[in-house]
Amino acid sequence: MAVAKLKQIPRKGPLGFAAKVGIAIVLGLSFAVVWSTLSPTSTEEEVATNRNSFEGEILEPESKIPPGSEERNKEKDASLERIKSNTTVAVSKPEEEKLKGNGTEVKVNEEREEEDKKEEEGEGENKEEQAEIKEGDAQILEETKDENENPIEEDVNTNPQGDEDDGGETDNNRKSQNKKNKKVGPLFDPSAQYHWKQCGMKSGHNYIPCWDFESDAHQRHHERSCPHTPVMCLVSLPKGYREPLPWPERESKIWYGNVVHPKLSSFAKSHSWLKISGDHLEFPKEQSEFKGGANQYLDFIEEVVPDLEWGKNIRVVLDIGCIGASFSATLLEKSVLVVTLALANDQTDLAQVALERGMPAILGSLGSRRLPFPSGVFDVIHCGDCNIAWHHDGGKLLLEMNRILRPGGYFISSTTHGDVETEQGMRKLLASISWLILAHKTNDESEMGVRVYQRPASNDIFTLRRSKNPPFCKEDEKPDIAWYTPINTCLHRVPAAIEERGSDWPAEWPNRLFTYPDWLGDLQGRLHADQDHWKAVVEKSYLNGLGIDWSTIRNVMDMKAVYGGFAAALASQKVWVMNVVPVHAPNTLPIIFERGLFGVYHDWCEPFSTYPRSYDLLHADHLFSRLKNRCKHPIVIVVEMDRILRPGGWAIIRDKVEIVNPLESILKSLNWEIRMTYGKDKEGIIVAQKTTWRP
């Protein structure tokens, strides 16, 4: 019946042109309304803007890594392809991915568990959470302070040239990856199985990735150059390795077997300030690499430059090259911190000896790149028995010293011999950068010619320059950008405004540690809070509640330093702390130097520039959670910790429980002894001790 009725409906003629246009307009408006209702309310850029608007609530803003050049991206992609080429996938269930890198096989379950939406949106934010534990009366997990809110300056790994590999993924690669995989899995897969192997490099127990040639134990790269595949092997131990002697005994005597080196024996025979005595390598206090002794050498410098007062207005010193450690040891008695820049071309590795003695040192080179330090932070730069041609190549290396030397700071160079060409070249260069010549005298006892120069404390003197070469650096030149950054042959002006860092000399030591300058502005309150936080943690738990014998602790590293609060809390202990500010974090390293402490920039996706077994204690406060979206294989950080921590050394790791739990399994696979673990309210802590186990 219905069909019959339908047949009776008369057929209408075709619609007119106006009717068709009207229908089209109605449909278009309807589509626009529906689209605006169902589509996202903001673009990706708007989301970023809205995220930044919560700046006051974010403890540590997620840093943005600027993209590099196309060549750099291609090199990185090629590197990742090489990693993938070493990866095999088994067909068995559950599916497993097998990663091989430098002799280690790691099996990882491919099925990644999703993080909940709330945690995903909070990535990069260090929200205030409380976690407390009592072991005896020790409070281990304290309230997390808002230590990293609002970065002071740009991230330190910014590289305008974009021609160097920073070890991390570029911003473009990360964005494209985030679009494909918006939901990020756990940092460490709890189902992973680790099968460790020893490194097979020629340098053996002294292997330093990024510096040593893998196939030649006698050669090093002129500048830092990291392997393309992740370092996933464990460095072997010297035969008969023994734990270092307690401080201060280790300053004058160390186990020779711990630092045995092919050329060290012959070196010791030709120098009186160190000698092999049985199983020990001894350093007689009456002997020094400076003839007449280091004390006499330092007194002479203070005599010719009366304004230079060791341990008062002079606190942080950089020593270029490593002959011996008597310079550092003698200044230590005067409350001066000296960090030695051991040059990579040192064939005797005396810096490793210095570290074993408990003296600060880092491996580096004077080449085409900036050193991993901020600008204007060292009170004194010293080059003893110096044979570096500072005036060559347009004075590039001296311009780098000018960058890292504090305005009004001192550059001290001593040499046993000189030549007319070098002298003339230096005078011309010094005039072009307006350095003052304070002293040029020969020390009769040390038989060294000592030259003391001073960087200008103001810009007024630059008006007297006869030559405009080198030119002043451009205004957009960032002097603190120092990670894989080429040295520019330009002259940085001196900060002039009172609110600028470097416009005034810090307070005398020890007041300097707790005197916060005016240029910090509102950050002063945050530094006070950070100091109170770490003082409580160290005194209530670290010193007495973890079972650590602090008489065996001398070399300490804070792997994710912020304001130096952890190092400052240990100031009363007989330790020194290497404060490492990750390159992806806010640039707080200048604040650390301003307080009379020191440190370096570093990217933890790469190995650190030091020898194996350099440190007695590693401290990592929320380091791993900050590297979740940065490092391709975060497990390499644990492998590097195993390399730079000595057997018997300790690691204190504070992080989210979801990271701490699988990390405990990884450390157990390395046969580390887990001394304590605890977790509460999503926060956790691991205290572990490395053993002598090697696979």
Side-chain angles (χ1 to χ4, degrees), residues 199 201-208 211-222 235-245 249-294 297 319-330 338 340-366 382-388 414-417 446-448 609-614 646:
C199 300
M201 288 66 180
K202 296 291 184 180
S203 48
H205 56 263
N206 289 326
Y207 177 51
I208 309 175
W211 290 101
D212 289 348
F213 280 98
E214 297 183 6
S215 58
D216 191 340
H218 303 291
Q219 286 190 358
R220 285 198 176 128
H221 298 286
H222 294 297
V235 176
S236 60
L237 297 179
K239 187 177 180 181
Y241 178 85
R242 305 182 192 182
E243 292 187 15
L245 299 169
E249 189 178 359
R250 67 189 286 185
E251 179 186 352
S252 58
K253 183 168 63 176
I254 63 175
W255 297 109
Y256 176 64
N258 289 3
V259 293
V260 63
H261 188 279
K263 296 185 179 181
L264 185 57
S265 176
S266 59
F267 184 87
K269 292 177 182 177
S270 59
H271 294 78
S272 60
W273 54 270
L274 76 166
K275 64 177 182 179
I276 300 174
S277 177
D279 293 336
H280 294 101
L281 188 62
E282 297 181 349
F283 308 88
K285 284 205 169 184
E286 66 276 5
Q287 299 292 331
S288 170
E289 62 267 30
F290 300 99
K291 190 176 292 186
Y297 175 75
D319 189 21
I320 303 292
C322 186
I323 306 172
S326 67
F327 179 79
S328 301
T330 305
V338 181
T340 296
L341 177 67
L343 301 181
N345 58 4
D346 176 16
Q347 297 297 315
T348 317
D349 285 337
L350 292 176
Q352 186 178 28
V353 176
L355 283 162
E356 188 74 11
R357 293 179 65 184
M359 302 298 170
I362 186 173
L363 190 65
S365 66
L366 294 175
H382 173 261
C383 184
D385 199 8
C386 197
N387 57 2
I388 297 172
S414 62
T415 180
T416 53
H417 61 277
S446 66
E447 298 179 356
M448 281 190 173
S609 292
T610 192
Y611 298 86
R613 306 170 299 280
S614 293
R646 67 165 175 83

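From a predicted model like this one, the values you see are computed outputs, not experimental measurements.
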**Asked** Closest heavy-atom contact between Ala294 and Thr330?
**Response** CB-OG1, 3.3 Å

**Request:** With the side chain counted from C-beta on, respond yes when Gln352 and Arg613 share a heavy-atom pair under 4.5 Å apart, and no when they do not.
**Result:** yes

**Item:** Test item: Tyr297 and Ser414 side chains (from C-beta on) under 4.5 Å apart, heavy atoms
**Value:** yes

**Request:** Indicate yes or no: at least one non-hydrogen side-chain atom of Thr415 is less than 4.5 angstrom from one of Asn387.
**Result:** no

**Message:** Would the distance check show the side chain of Asp279 and the main-chain N or O of Gly257 forming a donor-acceptor pair, the cut-off being under 3.5 Å?
**Reply:** no

**Prompt:** How far does NZ of Lys285 sit from CD of Glu251, to the nearest 0.5 angstrom?
**Reply:** 5.0 Å

**Request:** Taking the side chain as every heavy atom from C-beta outward, state whether Pro244 and Glu356 have any pair of such atoms under 4.5 Å apart.
**Result:** yes

**Heavy-atom side-chain contact between Tyr256 and Leu264 under 4.5 Å** = yes

**Message:** Rounded to the nearest 0.5 Å, what separates atom CG in Leu363 from atom CG in Leu343?
**Reply:** 8.5 Å

**Message:** Contact between Asp385 and Met448 at the side-chain level, heavy atoms closer than 4.5 Å - yes or no?
**Reply:** yes

**Request:** Mind listing the closest non-hydrogen atom pair of Ile276 and Ala268 along with its distance?
**Result:** CG1-CB, 4.2 Å

**Item:** Parallel, tilted or perpendicular: ring planes of Trp273 versus His271, cut at 30 and 60 degrees
**Value:** perpendicular

**Prompt:** For the residue pair Phe283 and Lys253, what are the closest heavy atoms and their distance?
**Reply:** CD1-N, 4.3 Å

**Prompt:** Relative to the ring of His382, is the ring of Phe327 parallel (under 30°), tilted (30 to 60°) or perpendicular (over 60°)?
**Reply:** parallel

